[in-house]
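Shown next, in structure tokens, is the structure this report addresses.
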Amino acid sequence: MPTVHVEQTLALVGGGEDHLTDAVSVPIEGVQNILPRSAHGEIDVIIVRAHALRGVAGLVGGCNGITVENCENQAAVEVKSLTIVAAAGQKEDAAKVTNRILAGGITAQTKNPAKVEDCKNTGSVKIGDAVSTISLSIVGGVAAYTDGNVIYTGCSNTGNVTNSAANAKLYFTGGVLGSIGIYKDYNGDSSVAWKATFTSCTNSGSVMDNANCATAVDHVVGGVVGYACINGVTIDGLTNSGTVELSAPKSNICSTGGVIGHIRQYQQSTLQNCTNAETGTVTINTESASLYAGGIIAYKAVHSTETVTKYRLHITILDCDNKGNIINNGTASTDIRIGGIAGQLHYSATFGALNSNVVSNGCSNSGSITSSSAQTESTRIGGIVGQAADMLVNVYDSKNTGSISVETTETLSELYVGGIGGILGTTPVLDGCSSNCTITKSGNITAAHGAALIARSSSSKTTIKNCKVAGTVFDETITAENFGDF
């Protein structure tokens, strides 16, 4: 197997344009940072760059306004070590914290406008544990990072994707794409009409974040897309069949999804026709503050109160199917949110009802959910949605047949678990939904609430119609008389 072997020496010298300006082994006119595909042997590259965003890839390190079509990378791409040289007058620590390291099988960075179509990566992609003390570590099987008016379609990854950088401030890892946009790169201004379209992409390689951090930071892992933060995103027809695992010893907020880790919205987004296969097991092993996991998406948030009011955000989740099991062995000091389709659908405002609507239409889950952890405050788990509080939530024609098991090794203050949702609100509507599953609990739980459909609504105005239930909740067989709450 050919290898793109990169030993990086990065220099911060100030200034720099918003594109990459690398000296590389085989320069090609008109495109920056070409690492040629090799039939055999190793390619050793020394890169010196004057920009804080560092990219390494099998084919194209980074470019603005690029189209990449029908390309394949078979090389293993690994960033094995990193040396950062501070600019004149700059402290070494300051140099380290401004560095972002990107690794991708085809591209490291593509920016507005960009199109990557029908590209395939079969080589492993990794940022190694000798890379340390950086601001951001992003790894993707096909691409690490993209933003702006970008289109990714028909791309696939079969190589293993691993993010092992030590002591970064933030981690994004995805089977096909590590990150669409980066949080705080955008301010929600409506004049920034950037849109991202990500369609018909597949991953079958393992996706792993096993970064060792001395302090707790955020980790985002997705079977196909790690993180999406942009002014409107359309995600359609993504499929994952590879294992997805977060095994970082410590984390702050961790989001682990079978297809997508985290979406942070500024404008309306659509997520549809996505599948996590039976082999797409999602596993979490970390000590965290907040833990989110989902068979399709782990966590959806919006940026601010101003953004919520201004854009009346709406995420539509249509016809998504999860068959993969979700296994949580991690701990959380504050909250655990797990769903067969979505773990947590949330907004970041602190006021009452959100001017938004979240729709789960025609979704199905057959994967089991197991949460065995030491957790002290609250756990909310649902066959479709773990928690979607403080917003309008409509769940139509969705089905859950996956079992749910909760075990705690320490005292758990409260548990809400339902065949469809743990907690839903405000004024939720369930129409045409069905749940036939077994829900069990064990351990010391102060207040346990289980239900065939939803364990709790944040509003007294809850509508449930045309729904069917069967199975058991906390060892009680569901009947027409007791299906509400055990």
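Not measured: the values here are computed from a predicted model.
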For the residue pair [X] and [Y], confirm or rule out a side-chain donor-acceptor distance under 3.5 Å.
X	Y	value
Ser366	Thr401	no
Thr275	Asp321	no
Glu245	Thr243	no
Asp319	Gln272	no
Thr158	Thr122	no
Ser164	Asp129	no

Enter the distance from [X]:[atom1] to [Y]:[atom2] here, rounded to the nearest 0.5 Å.
X	Y	atom1	atom2	answer
Thr173	Asp209	OG1	CG	4.5 Å
Lys169	Asn252	NZ	CG	12.5 Å
Ile381	Ile404	CD1	CD1	6.5 Å
Gln109	Ile138	CD	CD1	9.0 Å
Tyr152	Ile180	OH	CD1	8.5 Å
Cys363	Ile317	SG	CD1	6.5 Å

Has the side chain of [X] got a donor or acceptor atom that lies under 3.5 Å from a matching backbone atom of [Y]?
X	Y	value
Ser290	Asp335	no
Asn325	Ser368	yes
Ser179	Phe172	no
Asn160	Gly205	no
Asn203	Val176	no
Tyr171	Ala165	yes
Asn157	Gly175	yes
Asn73	Gly105	yes
Thr281	Val244	no
Ser398	Tyr396	yes

Does the side chain of [Y] come within less than 4.5 Å of [X]'s, by heavy atoms?
X	Y	value
Asn240	Leu238	no
Val282	Ile327	no
Val385	Leu345	yes

- Item | Option among Ser251, Cys254, Ser255 that satisfies the side-chain contact (heavy atoms from CB on, under 4.5 Å) test with Leu291 | Cys254
- Message: Quick check on side-chain contact (heavy atoms from CB on, under 4.5 Å): which of Leu271, Ile151, Val224 does Phe198 satisfy it with?
- Response: Val224
- Does the side-chain contact (heavy atoms from CB on, under 4.5 Å) test come out yes or no for Val395 and Ile420, once each step is laid out? CA-CA 9 Å; Val395 185; Ile420 297 295; 4.2 Å; yes
Can you see which heavy atom on [X] is nearest to which on [Y], and at what distance?
X	Y	value
Ile326	Ala293	CG2-CB, 4.2 Å
Gly402	Cys437	O-CB, 3.3 Å
Lys250	His219	O-NE2, 3.5 Å
Gly141	Val125	O-CG2, 3.9 Å
Lys120	Ile106	O-CD1, 3.5 Å
Ala144	Ala103	CB-O, 3.4 Å

- Task: Among Asn210, Asn329, Asn328, find the residue that satisfies the side-chain hydrogen bond (donor to acceptor under 3.5 Å, both in side chains) test when tested with Asn285.
- Result: Asn329
- Item | Criterion side-chain contact (heavy atoms from CB on, under 4.5 Å) on Ile235 and Cys274, from CA distance to verdict | CA-CA 8 Å; Ile235 298 176; Cys274 294; 4.1 Å; yes
- Going through the checks in order, is the side-chain hydrogen bond (donor to acceptor under 3.5 Å, both in side chains) test met by Thr110 and Thr146? CA-CA 5 Å; Thr110 55; Thr146 189; 2.9 Å; yes
- Assess whether side-chain contact (heavy atoms from CB on, under 4.5 Å) is satisfied between Ile297 and Ile263, documenting all intermediate values. CA-CA 8 Å; Ile297 177 173; Ile263 291 179; 3.7 Å; yes
- Task: Could you check whether the rings of His262 and Tyr299 sit parallel, tilted or perpendicular, using 30° and 60° as the cut-offs?
- Result: perpendicular
- Please walk me through it: do Cys155 and Val116 pass side-chain contact (heavy atoms from CB on, under 4.5 Å)? CA-CA 8 Å; Cys155 296; Val116 179; 3.8 Å; yes
- Dump the intermediate steps for side-chain hydrogen bond (donor to acceptor under 3.5 Å, both in side chains) on Ser405 and Thr370, then the final yes or no. CA-CA 5 Å; Ser405 174; Thr370 304; 5.2 Å; no
- Mind running side-chain hydrogen bond (donor to acceptor under 3.5 Å, both in side chains) on Asn163 and Ser137 for me, showing each step along the way? CA-CA 7 Å; Asn163 199 339; Ser137 180; 2.7 Å; yes
